[in-house]
Amino acid sequence: GAGVSQSPSNKVTEKGKDVELRCDPISGHTALYWYRQSLGQGLEFLIYFQGNSAPDKSGLPSDRFSAERTGGSVSTLTIQRTQQEDSAVYLCASSQRPREQAGNTIYFGEGSWLTVV
Amino acid sequence: AQSVAQPEDQVNVAEGNPLTVKCTYSVSGNPYLFWYVQYPNRGLQFLLKYITGDNLVKGSYGFEAEFNKSQTSFHLKKPSALVSDSALYFCAVRVTGFQKLVFGTGTRLLVSP
């Protein structure tokens, strides 16, 4: 697609339920990232994928959070037993991986707005 | 460890006046610096980046930023602000070998008519 696509755009869930958030990166982008933005907070890194593997998952806040990527494309972020503090915008992003990686632009989706009630 | 500081939570400027949004960074190694903008209820949009070369970088919507290695700064500027520039601006840094972008806390820009 033309940009990073995320679904659902909005999700309201009850405390204790599991949720899945989906990300479709820009076609051809091998790197994929998940970030979280809580109300009034900055951007918190969660996990980075290169292809289907996740060399950096250091930002996942607890074992209730997991993510996977299949076919080097679509990624799913799963939050189990949701808590109210999980309410946030979950942003997915992707980038290419040429020889010089650090200068690559990372492109963000519109986010999935999660509210836990 | 990499870090980015945006010392101003909010910047207020009148339309037509020049604007500056400040960013300083701390890294080990050569920095790659980025500015993103976030409009209400939207994702982040890429504005510009510094990789190497000319210290003055031009980006989208008339924005530019100047890389200053001695002051470890990468301030965002625009010669003449528009009301439509009102948004949340994020500075970010990355170094070779580290894949994630590290973001500042964001600066809210408010341009008054």
Side-chain angles (χ1 to χ4, degrees), chain A residues 3-7 9-10 21 23-26 29-51 53-60 88-113 115, chain B residues 1-10 21 23 25 27-54 57-60 65 67 74 87-108:
Chain A
V4 178
S5 179
Q6 292 188 245
S7 61
S9 53
N10 284 284
L21 307 176
C23 173
D24 222 323
I26 293 172
H29 281 192
T30 59
L32 186 146
Y33 308 78
W34 284 98
Y35 281 80
R36 179 169 74 172
Q37 185 177 23
S38 303
L39 187 63
Q41 302 295 313
L43 289 146
E44 177 187 7
F45 168 79
L46 297 179
I47 188 169
Y48 155 68
F49 286 92
Q50 181 58 49
S53 63
D56 187 352
K57 53 180 78 172
S58 62
L60 294 177
V89 181
Y90 290 83
L91 292 163
C92 179
S94 70
S95 72
Q96 293 177 322
R97 190 195 184 191
R99 279 178 289 174
E100 182 50 71
Q101 299 178 36
N104 292 345
T105 299
I106 296 180
Y107 295 94
F108 283 80
E110 293 291 312
S112 289
W113 297 67
T115 304
Chain B
Q2 308 168 80
S3 66
V4 175
Q6 294 183 244
E8 304 152 317
D9 289 337
Q10 182 162 312
V21 182
C23 171
Y25 64 90
V27 300
S28 298
N30 292 322
Y32 298 85
L33 294 151
F34 301 78
W35 275 102
Y36 287 83
V37 60
Q38 186 177 35
Y39 296 100
N41 301 319
R42 303 295 300 276
L44 271 69
Q45 293 182 30
F46 168 72
L47 274 181
L48 51 79
K49 66 181 178 183
Y50 171 81
I51 300 176
T52 187
D54 195 346
V57 178
K58 294 188 183 295
S60 306
F67 172 64
F74 189 56
L88 187 57
Y89 290 81
F90 288 96
C91 182
V93 69
R94 185 164 54 172
V95 296
T96 302
F98 291 88
Q99 296 309 312
K100 64 186 180 186
L101 274 178
V102 174
F103 284 87
T105 51
T107 298
R108 188 164 301 281

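Just the heavy atoms: all of them, side chains too, but no hydrogens, waters or symmetry mates, feed the values below. Throughout, protein chains are lettered first and strands after them, A, B, ... in sequence-line order, and every chain is numbered starting at 1.
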- Drop me the distance from B/Ile51's CD1 to A/Asn104's CG, to the nearest 0.5 angstrom. 7.5 Å
- With sequence neighbours excluded, what pairs up with B/Gln38 under the side-chain contact (heavy atoms from CB on, under 4.5 Å) test? A/Gln37, B/Leu44, B/Leu88, B/Phe90
- May I ask you to check whether over 12 heavy atoms, not counting those of A/Asn10, lie within 6.0 Å of atom CG? yes
- Item | Toward chain B, the part of A/Ser58 with a non-hydrogen atom under 4.5 Å | side chain
- Task: Name all residues meeting the ring pair (Phe, Tyr, Trp, His ring centres under 6.0 Å) criterion together with A/Tyr35; count only those two or more places apart in sequence or in a different chain, and write none if there are none.
- Result: A/Phe45, A/Phe108, B/Phe103
- Could you look at B/Lys49 and say if it's the side chain, the backbone, both or neither that has a heavy atom under 4.5 Å from chain A? side chain
- Query: What is the distance from atom NZ of B/Lys100 to atom CD1 of A/Ile106, rounded to the nearest 0.5 Å?
  - Reply: 11.5 Å
- Is it the backbone or the side chain of B/Asn41 that comes under 4.5 Å from a heavy atom of chain A, or both, or neither? both
- Any side-chain heavy atom of A/Thr105 within less than 4.5 Å of one from B/Tyr36? yes
